Chemist: 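Input: one structure, supplied below.
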2 protein chains.
Amino acid sequence: MAAQQGRRTGGARQRLVAVALDLFARHGISGTSLQMIADRLGVTKAAVYHQFPSKDEIVQAVIAPALQGLGAVADAAEARESRAGRRDAALAGLADLIVRNRRLAAMLYSDPVIAGLIRDHPVLRGLSDRITVLLTGPDPDAETLVAASMVGGGLAAAGVDPRLAGLPDDTMRALLLATARRTLRIGPARRSAAPIRPAGRDTAA
Amino acid sequence: MAAQQGRRTGGARQRLVAVALDLFARHGISGTSLQMIADRLGVTKAAVYHQFPSKDEIVQAVIAPALQGLGAVADAAEARESRAGRRDAALAGLADLIVRNRRLAAMLYSDPVIAGLIRDHPVLRGLSDRITVLLTGPDPDAETLVAASMVGGGLAAAGVDPRLAGLPDDTMRALLLATARRTLRIGPARRSAAPIRPAGRDTAA
DNA sequence: GTCTATACGCTGATAGAC
DNA sequence: GTCTATCAGCGTATAGAC
């Protein structure tokens with residue numbers, strides 16, 4: 001693993017974000033110190049502080065691509081005319097995002113620090129709500145709500161599951177989508193719900 | 001495993017474990033300091049250290065009932081004769097455990113510290129593997145593995161979802177079970193798969 | 001961009017009085 | 001069971017040299 005040291009052109013900033021993502025996913029955000037990040041990069045803490053003014057800004061930089069991806073998925077899905085179309089597009093977009101950013105997605109879903117961020121930050125909260133509405137419709141009953149909750153958590157959990165790490169992306173995406181649709185009581189996906197390409201892939205673990 | 005300390009003498013210990021669970025669930029284990037626990041109890045850190053020799057032992061005490069519950073579920077499920085019976089019993093037991101220990105279940109599933117514990121501790125790892133085998137059978141294909149992974153993560157996610165916090169336990173248990181069975185491509189539950197009563201309920205937040 | 005050096009609060013943890 | 005007092009180490013963060 002040890003994230004592509006060979007990339008000479010790649011800025012120090014990019015390498016820092018990559019190792020931070022890896023450490024955040026493994027130890028959690030609170031469980032990751034700037035010292036750990038610096039050690040992994042082979043530099044000192046001060047060098048880290050040269051790139052980012054605070055740990056919080058590192059967190060922000062790490063999750064930025066995922067937020068951008070989620071925003072793009074929500075935008076695209078909301079543009080559909082039918083409710084089923086919006087739901088299908090959101091689901092396909094989510095599955096695709098998870099596959100291409102496996103660890104990042106799980107971190108977004110499970111880290112308590114992120115949960116606090118979503119709780120407090122209006123923009124993030126709004127994004128989270130938009131996705132929920134896309135999946136469940138405006139006034140979901142308890143059954144739909146439970147299914148949507150399980151799909152969200154299930155997608156994120158599958159994304160990091162080490163037993164699934166070896167699955168090719170295409171297979172993984174198809175299985176995630178099919179299983180999620182079954183959970184939500186939707187029939188097999190139609191071809192129309194093509195994934196979108198918003199955010200870059202996770203740097204290799 | 002410090003479940004039933006002598007009613008009078010164990011009062012402080014029980015309260016400590018209860019607030020620790022609440023704080024762990026909210027901020028994660030790494031994000032919870034002994035100072036936070038002490039403050040919530042209205043005592044000093046030294047008083048906390050009088051009850052437990054280390055933070056690690058507090059973590060152990062918090063997750064003990066869940067581990068005991070999981071062990072009981074696995075034992076009961078493995079006693080069934082048919083594979084479908086084992087799978088059904090495991091699923092029903094899991095759903096029941098989650099409902100009665102909502103926050104604890106989610107913490108077990110998502111905290112990086114717990115993940116490390118499971119990775120390193122042979123007993124915990126074995127328990128986790130037993131549950132997986134009960135749900136998927138001995139040699140699962142990729143599709144079954146994805147479904148099982150999503151069910152596990154989904155159950156835990158639903159357990160803490162604030163949108164579902166108001167659902168009565170009976171409703172929640174039934175919906176979790178039905179949705180999980182659908183995800184795993186199993187028909188409606190038969191009456192035989194009755195839940196087991198291993199661990200106490202979460203202490204209120 | 002990276003380094004050394006440093007500040008200072010908070011961390012988990014210990015010792016001993018009440 | 002709880003307290004005060006104290007510890008070494010690590011946490012984030014800053015200043016200034018190279």
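Below, chains carry the letters A, B, ... as their sequence lines are ordered, and counting in each starts from 1. Please read all numbers here as calculations on a predicted model, not as lab measurements. These values consider heavy atoms only, across backbone and side chains, with no hydrogens, waters or symmetry-generated copies.
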Chemist: Distance check needed: C:dT2 P versus A:Phe52 CZ, whole Å only.
Modeler: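 A:Phe52 atom CZ is separated from C:dT2 atom P by 12 Å.
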
Chemist: Write down the distance between CZ (B:Arg13) and C1' (D:dT2), rounded to a whole number of angstrom.
Modeler: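 Computing the B:Arg13:CZ to D:dT2:C1' distance gives 16 Å.
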
Chemist: A:Ile37 has an atom CD1; how far is it from atom P of D:dG11, in whole Å?
Modeler: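 These atoms are roughly 11 Å apart.
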
Chemist: Establish whether the base of C:dT11 is bridged to the side chain of B:Lys45 by a donor-acceptor pair shorter than 3.5 Å.
Modeler: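 For B:Lys45, whose side chain was compared with the base of C:dT11, there is no donor-acceptor pair (under 3.5 Å).
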
Chemist: The side chain of A:Gln51 is closest to which nucleotide in this list: C:dT4, D:dT4, C:dG1?
Modeler: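 Nearest nucleotide to the side chain: C:dG1.
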
Chemist: Which nucleotide in the set D:dG11, D:dT2, C:dT2 lies at the smallest distance from any side-chain heavy atom of A:Gln35?
Modeler: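 Of the candidates, D:dG11 comes closest.
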
Chemist: So what does A:Ser30 touch, heavy atoms closer than 4.0 Å: a base, only the sugar-phosphate, or nothing?
Modeler: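 It contacts nothing in the nucleic acid.
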
Chemist: Looking only at side-chain N and O atoms, does A:Asp129 offer a donor or acceptor that is under 3.5 Å from a partner on A:Thr132?
Modeler: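 Note: A:Thr132 and A:Asp129 side chains miss the donor-acceptor criterion.
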
Chemist: Side chain of A:Leu34 only, heavy atoms from C-beta on: which candidate in D:dG1, D:dT12, C:dG12 is closest?
Modeler: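 Of the candidates, D:dT12 comes closest.
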
Chemist: So, OP1 or OP2 of C:dT11: does either fall under 4.0 Å of a side-chain N or O from B:Ser33?
Modeler: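 Answer is yes, contact under 4.0 Å.
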
Chemist: Between A:Arg100 and A:Asp169, does any NZ, NE, NH1 or NH2 come within less than 4.0 Å of an OD or OE carboxylate oxygen?
Modeler: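 No, A:Asp169 and A:Arg100 are not salt-bridged.
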
Chemist: Starting at CG of B:Asp56 and ending at C1' of C:dT11, how long is that distance when rounded to a whole Å?
Modeler: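 Distance check: B:Asp56 CG to C:dT11 C1' gives 15 Å.
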
Chemist: To the nearest Å, give me how far apart NE2 (A:His50) and P (D:dA17) are.
Modeler: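 For the pair A:His50 NE2 and D:dA17 P, the rounded distance is 16 Å.
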
Chemist: What is the distance, to the nearest angstrom, from the OH atom on B:Tyr49 to the C1' atom on D:dC7?
Modeler: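 Interatomic distance, OH of B:Tyr49 to C1' of D:dC7: 12 Å.
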
Chemist: Thinking salt bridges, do A:Arg102 and A:Asp161 make one under a 4.0 Å N-O criterion?
Modeler: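 No, no charged N to carboxylate O under 4.0 Å.
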
Chemist: Pick the closest DNA chain D nucleotide for B:Thr44 and for A:Lys55 by heavy atoms, then say which residue is nearer the 5' end.
Modeler: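 Its nearest nucleotide being more 5', the pick is B:Thr44.
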
Chemist: What's the closest nucleotide to the B:Ala12 side chain, out of D:dG1, D:dT14, C:dT2?
Modeler: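 Of the candidates, D:dG1 comes closest.
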
Chemist: Are B:Asp22 and B:Arg40 within salt-bridge range, i.e. N to O under 4.0 Å?
Modeler: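 The answer is yes: the pair qualifies as a salt bridge.
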
Chemist: Within the supplied structure, the quantity of interest is the number of heavy atoms (other residues, nucleotides, ligands) at a distance under 6.0 Å from B:Asp120 CG; does it exceed 12?
Modeler: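 Counting neighbours around CG of B:Asp120, more than 12 heavy atoms of other residues, nucleotides or ligands fall under 6.0 Å, so yes.
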
Chemist: Atom CG of A:Leu41 to atom C1' of C:dG1: distance rounded to whole Å?
Modeler: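 One finds 13 Å between C1' of C:dG1 and CG of A:Leu41, rounded.
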
